[in-house]
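Worksheet: one structure, shown below.
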Amino acid sequence: MNSPADNAPLLDVRNLRVQYRARGRGPAGPRAAAVDGVSFSLAAGESLGLVGESGSGKSSIARALLRLIPATGTAVFQGRDLLQLHGAALRAAREHIQIVFQDPLGALDPRMTVAELVAEPLLEFRSAQSRQHRELVLAMLTRTGLGPELAARYPHQLSGGQAQRVGLARALILRPQLLVCDEPVAALDVSIRSQIANLLCDMRSELGLALLFIAHDLATVRFLCDRVLVLFGGRLIEEAPRDALYGAPQHPYTRALLAANPLPDPARPPQPPVPAPAVARDAALRESPATRAGCAYRERCPLAVARCAQEAPALRRVGASLVSCHRAGE
Amino acid sequence: MADSPAPLLQLRSLGVSYGRGIEELRAVDTLDLDLAGRECLGVVGESGSGKTQLLLALLGLNGPAARLSGSIRYRGMELVGASSAQLASIRGRRIALVSQDPMSALNPYLRIATQLTEGARRHLQLGRRAALARAAELLALVQIDAPSERLRCYPHELSGGMRQRVTIAMALMCDPEILLLDEPTTALDVTVQAHVLELLRAVRARTGVATLMVTHDLGALASMANRVAVMYGGRLVELASAQQLYTAPRHPYTAGLLRSLPRLDQPLPARLPVIGGQPPDLADLPKGCAFSPRCPLVHARCASSPQLRAFPDGHLLACHYEGTPSQVAGAWT
């Protein structure tokens, strides 16, 4: 796509931090980092998966990039730092970055028809040429698998899968360069998830979209993403191209995630990692990871040694992965 | 297992409907199902399949707008039309529920001890001390460390996985004969989910509690169920041993569902296999077989509702198609 310089990534995120205030401690209270210095980049047209459990910071990253929550660090998109933009410049950038949410119905205004919902971004960002808009809207509805008979319906008259198609049509009508998807299939029926995943895959290649795909479903991420980031406790613990991550995971947490994934096969039950996580996320968060010495995963890690409690592992290359683990590659 | 002389739970022509006349909506339609002692029966379905209404019917909790018909017999006692006092004496005591979201199943204002002991004090007339001892015993059973300390906690002080362990312990407090699991791992992270499934298997092995697990997650169910029932549009469309259902499904819907799951243990396809169309709208069900608009094997005869028929091995199927499981699988490719 039209990136400012060849080879420059579409999005370059450096040292992103998102902090939340600990509850009930007032404005001067201690802060907890939900995202703790995460860096990654995304090429035009590339599809990047973000996986991790609740509290890993994956949704906070998406929200920070869209400026829905405050964050520090830099996130350079088309040569401009998204985190420094204000007013008209921020609004202009948003035309090129769109998001699809997990709850398809919750993301749609119940008082607007499908056609109005899909046309709304055009009215916001493009000059009012209603006839052209109508054609664009109808073409996008058809492209996302919504028949023209659905154009006059309201969100409550749609199934979950149809509502998510509307969410996608709305996000794509401006032909953005980056589409952020926050668990877009998790709330859908099983028989519909694959439909939406295939549609995302098609739209991506058709529009040359870059995709930031956040999910906890490792199988869907494998299907849709070229590269995968694994997050734990707000930090990046492994980054690898798809085949490397699924074929030769380096971090013990990545391995645990893959082994715990249930297969539809009675002969092969999922393998729970040892030991069970015992402490509430809230309690763990109260202590900021930055002030915590050592590796955040060590209490759950079967490979932990004394060093893991003393020294936080830095990201380093092992095999095809970037991994933060003292014991990776042994 | 289905043939054992007296199943614990026997459902015959169970119906749950809302509205009347042409407005009538049948959430569960003439359902026959047995639950035998010690077994784990899985019920799989998506939106509008009737799986949640089935669960509510077993607890007598469908609400005043619902009309129940047919029969639910628990040890010979009829639950359809039973008085609320009768139902209350069974609910939580003989038939207990673990719900999907542990945070909404637990009262945030009450300590774990209070919530765990409430049922046992009411149903078993245990004193405070005896109930607390029982609660600590059950927290140990669900593998929670330092149970007496945890009893003093509030729900927010526990992790999601631990909360779900607490709700499992709560369901087991009165030593029920039947455990109902409503999507017990859907709200949990995948690693925690694996722990909770393992725990449920261990609890079942130890207590032998008969279990009915309702879910849309065929992956999570695979390691739990002895038999699996598949529901679609309020009806039972297939019932078989887990082994058979997962390896040789006979209903085109079951076969399509299994094949549409993206799998980590298989080569990456260029496109994910799909079932086209939308889940059925109960207010506007197609004539005849509800799955026919999405079915690759659809035929003129599908305009009439297929009756449930049994194969010699006990496999039950509601589909007009006469072919083998491999022909059914072939229809999707």
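Nothing here was measured: the structure is a model prediction, and the numbers come from that model. In the text below, chain A, chain B and the rest are named by the order of the sequence lines, each starting its count at 1.
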Is it the backbone or the side chain of A:Phe223 that comes under 4.5 Å from a heavy atom of chain B, or both, or neither?
both

With chain A as the partner, which of B:Gly277, B:Gly48, B:Ala270 has the greatest number of non-hydrogen pairs under 4.5 Å?
B:Gly277

Beyond-backbone contact of A:His216 with B:Val190, side-chain heavy atoms, under 4.5 angstrom
no

Can you confirm whether more than 12 heavy atoms, excluding those of B:Glu23, are under 6.0 Å from its CD atom?
no

Is atom CD of B:Glu149 surrounded by more than 12 heavy atoms (other residues, nucleotides or ligands) closer than 6.0 Å?
no

How many angstroms lie between atom CG of B:Asp265 and atom CG of A:Asn261, to the nearest 0.5 angstrom?
9.0 Å

Measure the shortest side-chain to side-chain distance between B:Thr191 and A:Pro272 over non-hydrogen atoms and say whether it is less than 4.5 angstrom.
no

Check each atom of A:Gln162 against the heavy atoms of chain B and say whether the ones under 4.5 Å are side chain, backbone, both or neither.
both

Heavy atoms only: give me the nearest A:Leu263-B:Leu264 pair and the separation to one decimal.
CD2-N, 4.4 Å

Under 4.5 Å, counting heavy-atom pairs only, tell me which of B:Pro273, B:Ala222, B:Ser223 racks up the most with chain A.
B:Ala222

A:Asp189 side chain near B:Gln278 side chain, heavy-atom distance below 4.5 Å:
no

Quick one, A:Val190 with B:Leu218, criterion side chain to side chain contact (heavy atoms under 4.5 Å, CB included). Give me CA distance, side-chain angles, the key distance, then yes/no.
CA-CA 9 Å; A:Val190 178; B:Leu218 281 159; 5.6 Å; no

So, taking the atom named NE2 in B:His195 and the one named CD in A:Gln271, what distance separates them when rounded to the nearest 0.5 Å?
11.0 Å

Greatest number of heavy atom pairs closer than 4.5 Å to chain B - which of A:Pro266, A:Ala219, A:Pro269:
A:Pro266

Please classify the contact between B:Gln244 and chain A as side chain, backbone, both or neither, with a heavy-atom cut-off of under 4.5 Å.
neither

Contact leader toward chain A among B:Met224, B:Gln143, B:Arg294, where contacts are heavy-atom pairs under 4.5 Å
B:Arg294

Say whether, by atom type as modelled, one donor and one acceptor occur between the side chain of A:Gln195 and the main chain of B:Ile275 under 3.5 angstrom.
yes

Any heavy-atom pair between the side chains of A:Pro270 and B:Gln193 that's under 4.5 Å?
no

Gap between atom CG of B:Leu188 and atom OG of A:Ser54 - 0.5 Å precision
8.5 Å

I'd like to check B:Ser260 versus A:Arg193 (side-chain heavy atoms, cut-off strictly below 4.5 Å). Are they in contact?
no

Proximity breakdown for A:Asp243 and chain B, heavy-atom pairs closer than 4.5 Å:
neither

Enter the distance from B:Thr247:OG1 to A:Asp265:CG here, rounded to the nearest 0.5 Å.
8.5 Å

As an exercise: rank A:Ala260, A:Pro264, A:Gly160, A:Gly145 by heavy-atom pairs under 4.5 Å with chain B and give me the winner.
A:Pro264

Point-to-point distance, once rounded to the nearest 0.5 Å, from CG of B:Leu268 to CZ of A:Arg222:
4.5 Å

Contact class of B:Glu198 relative to chain A, heavy atoms under 4.5 angstrom
side chain

Looking at CD of B:Glu46 and OG of A:Ser159, how far apart are the two atoms once the value is rounded to the nearest 0.5 Å?
10.0 Å

